Amino acid sequence: MKPLVILTHPMPSGWVAGLEKEVRLVTGPANTANVSPDLQPHFAEAEGLLTWLIDRVDEALLAQMPRLKVVSNLAVGVDNIDLEACTRRGIAVGHTPGVLTEAVADLTMGLLLAVARGIPAAAADARAGRWGLWRPDGWLGREMHGATIGICGLGQIGQAVARRAAAFGLRVLYTSRRPKPKAEAAGGARRVPWATLLRESDFLSLHCPLTAETRGLVDARALRQMKPTAYLINMARGPVVDTAALTQALQQGWIAGAALDVTDPEPLPPQHPLYRLPNCLITPHIGSATETTRRRMADLAVANLLAGLRGEPLPHCANPAVYEQAP
Ligand code: GLV
C-alpha cells in the first residue's frame, strides 16, 4: 500500500505531479490557514505532510499523527513549525532554501527603489492626471548611490541583496550571528553591531529568520535609533517588527518610510492604519513569487517529502538533529 500524504491545501495543477505516482494524496481546503480539522480522519494514517507557511505544525497536531515521518514546508522559513517537537518525535522537516534566493533579493531591490524614489505615488499621480508640466523639483526621491544599506541577516538572501546593493553603489553593512568572511571579501560588506546598523543605515533591510531572538527586534527603541531619513524594508517575517511601534514611527516621522513584504498579522486587515500612510508600501508576501521560483520550491518540497517517506536524508532538512537521535 502506498503511503498517505496530506497536502494542507490544493497545489496548482501539475506542481506535485511527481508525488501522485508514489503516494496516496489527501488535500485540505484552499481558503483556510492552518491544517484544517476536516483532515482529522486522515491524521492517524498520514506518513507525510506538505505544509505552506500559513500552517502551524505544533505538538498538538503531531500528537494526532503517530505515523508521520516527514513534514515538508513549501518555504525556506520554518517558524510555523515546532522543530524541537518534530525532532523529538523523529520527524524530519524539509524546507526550500537556495531556489528562492535570487527572486527574493530582486523584490528587495524593487521595494527599496520604490520607496526611495516614490514610484507608487508618482505612478498614481500620473494615472490620476496630476502630472502637469515637468519641473525640476517634482517627485524628488532619495539617491541610492553612496547611501548605506544595513542588512540584518547575511544568509543566502542577505548576501544576494548585498551583491545587488554593491552594484547600485550602496555601502553595505550587516549584522549576522557569525561573520561571513567570503561575503565580505566578495562584496565589501562590513559586519557591525546592531546599534551601529540602526544608526548608520539609510535603508535597513531585514532578512533574518523569525526566532525567539529576532521576534520584536525592530521595536520602538530600535526605530528611535534609526535616522529620520531612513527606510525600513521587511522581507523576513512580520513579527520581526513591532507593528504598532512601526505605525507610530511612520506617523510621527521617526523614520522616513517602510516597505513591507511581510506583516504581523498576515494578511494585514484592509482597515489597518499602515495602508493609509503615504510613506508605507505593503506587498502581500510575494518575495519568492515568480513562476520559476515557486515551481522550483514545489519540486524541492516534493523531493524532501519523498526522501523522508523512504527514510533517506532530506535534500534540505531544517532539523538535522533528527538524524543524530538514537534509532
Ligand atoms: C517565504 O517567506 C519563505 O520562507 O519561503
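All of these numbers come straight from a predicted model, not from anything done at the bench. When a ligand or atom number is given, it counts from 1 through the structure's own listing order.
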Self-check item: Contact atoms of ligand 1, heavy-atom distance to L100 under 4.0 Å
Solution: 5 (O)
Quiz prompt | R89 vs E59, salt bridge (charged side-chain N to carboxylate O under 4.0 Å, His left out): CA-CA, chis, key distance, verdict | solution = CA-CA 10 Å; R89 291 171 177 273; E59 184 65 52; 2.5 Å; yes
Practice problem: Pick one of side chain, backbone, both or neither for how L53 approaches ligand 1, counting any non-hydrogen atom pair under 4.0 Å. | Solution: side chain
Exercise. If you have a sec, work out which protein heavy atom is nearest atom 5 (O) of ligand 1 and how many Å separate them, to one decimal?
Key: V76 N, 2.8 Å
Quiz item: In a check of side chain to side chain donor-acceptor pair (under 3.5 Å) between D261 and each of T283, T108, N234, which one passes?
Solution: T283
Practice problem: State which residue, out of M297, Q156, R294, fulfils the side-chain contact (heavy atoms from CB on, under 4.5 Å) condition with L100. | Solution: M297
Quiz item: Of the non-hydrogen atoms in P97 and L300, which two are nearest, and what is the gap between them?
Solution: O-CD2, 3.9 Å
Quiz item: Of R237, M235, H95, which has the heavy atom at the shortest distance from atom 4 (O) of ligand 1?
Solution: R237
Self-check item: Given N304, T51, T8, the one that forms side chain to side chain donor-acceptor pair (under 3.5 Å) with N73
Solution: T51
Exercise. Taking only heavy atoms of H285 into account, list the atoms of ligand 1 that are under 4.0 Å away from them.
Key: 1 (C), 2 (O)
Practice problem: Please round to the nearest 0.5 Å and tell me the distance separating atom CH2 of W254 and atom CG of L232. | Solution: 13.0 Å
Quiz item: Hey, is V262 touching ligand 1 through its side chain, its backbone, both or neither, going by heavy atoms under 4.0 Å?
Solution: neither
Quiz item: At a 4.0 Å threshold, what atoms of ligand 1 neighbour a non-hydrogen atom of G77?
Solution: 3 (C), 4 (O)
Quiz item: So is there a nitrogen or oxygen of T96 less than 3.5 Å from a nitrogen or oxygen in ligand 1?
Solution: no
Self-check item: Per-atom contacts, ligand 1 versus A75 - under 4.0 Å to a heavy atom
Solution: 3 (C), 4 (O), 5 (O)
Quiz item: Is A236 close to ligand 1, meaning an N/O of one under 3.5 Å from an N/O of the other?
Solution: no
Quiz item: After noting the C-alpha distance and the side-chain angles of Y174 and E184, does the key distance pass the side-chain hydrogen bond (donor to acceptor under 3.5 Å, both in side chains) rule?
Solution: CA-CA 10 Å; Y174 76 96; E184 294 194 16; 2.5 Å; yes
